[in-house]
Amino acid sequence: MFVAEARAGKPEAWDRLFQRYQLPLYVYVFELVRHEQESLDIVQETFISAVRHIGGLREDAKFAPWLFGIAHQKCVGIWRKQNRRAAFHEPEPVDPSEADCLSEESDPSETLIRAEQEQAFLALLEKLEPPHRSVLLLHFIEEFSLEQIADVTGAQLGTVKSRMHYAKRALKKLLEENQ
């Protein structure tokens, strides 16, 4: 509904779409480029591109993969500028006390353990090559189907399946090495 209204040029619809996708898009981009300001810039550039090119989107239901695809291509551009190096900026340290807001019923030790596990998982994920990291993030964090990931990345479905297979295998190996 909001996509059709956005296509019609209604600013309120773009506000809704921005509110809905800003954070998931930022998380995805940040996990790929590992730099806060670049991630914010890419999210902004992604929405600017989306506004300019919304007319080319044929199916409103494919807005999310289309939007993530724009962001993905911008990340690929950054990788190319960095001479195809897999190494990105150092990840920003996560303060476990800020990882989750504590509710009155939650156990602080459980929250700390969960934050440490999440930080450890993201550290392992960072060791993967960007194409493998990307498919895992899109599938498990953003809950995109393999077909949608193919749309986002511009890769063939078979390539996405292969990347997913090798990414899971590499992540499993990293997990075993760190136990």
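Computed from heavy atoms alone, side chains included, the values below leave out hydrogens, waters and symmetry copies. Treat the numbers as computed from the prediction; the structure is a model and nothing was measured.
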Under the criterion side-chain contact (heavy atoms from CB on, under 4.5 Å), I'd like the reasoning laid out for Arg34 against Glu31: C-alpha separation, chi angles, the key distance, then a yes or no. CA-CA 6 Å; Arg34 305 304 296 177; Glu31 288 302 322; 2.7 Å; yes

Main-chain N/O of [Y] paired with [X] side-chain donor or acceptor, under 3.5 Å:
| X | Y | answer |
| --- | --- | --- |
| Ser134 | Pro130 | no |
| His35 | Glu38 | yes |
| Ser49 | Glu45 | yes |

Close side-chain approach of [X] to [Y], heavy-atom, < 4.5 Å:
| X | Y | result |
| --- | --- | --- |
| Trp66 | Glu59 | no |
| Thr153 | Leu138 | yes |
| Trp14 | Ile54 | yes |
| Ile149 | Met164 | yes |
| Gln44 | Tyr26 | no |
| Arg16 | Glu12 | no |
| Leu174 | Leu128 | yes |
| Ile48 | Arg52 | yes |

Counting only heavy atoms from other residues, nucleotides and ligands, does the tally under 6.0 Å from CD of Gln156 exceed 12?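 Atom CD in Gln156 is not packed in, count stays at 12 or less.
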
If you take all heavy atoms of Glu147 and Leu157, which pair is closest and at what distance?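 What the structure gives for the nearest pair is N-CD1, 3.9 Å.
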
Run the numbers on Asp41 and Lys74 for salt bridge (Lys or Arg N to Asp or Glu O under 4.0 Å), then give the verdict. CA-CA 10 Å; Asp41 291 346; Lys74 292 187 180 302; over 6 Å; no

How about Phe63 and Phe2: are their ring centres within less than 6.0 Å of each other? no

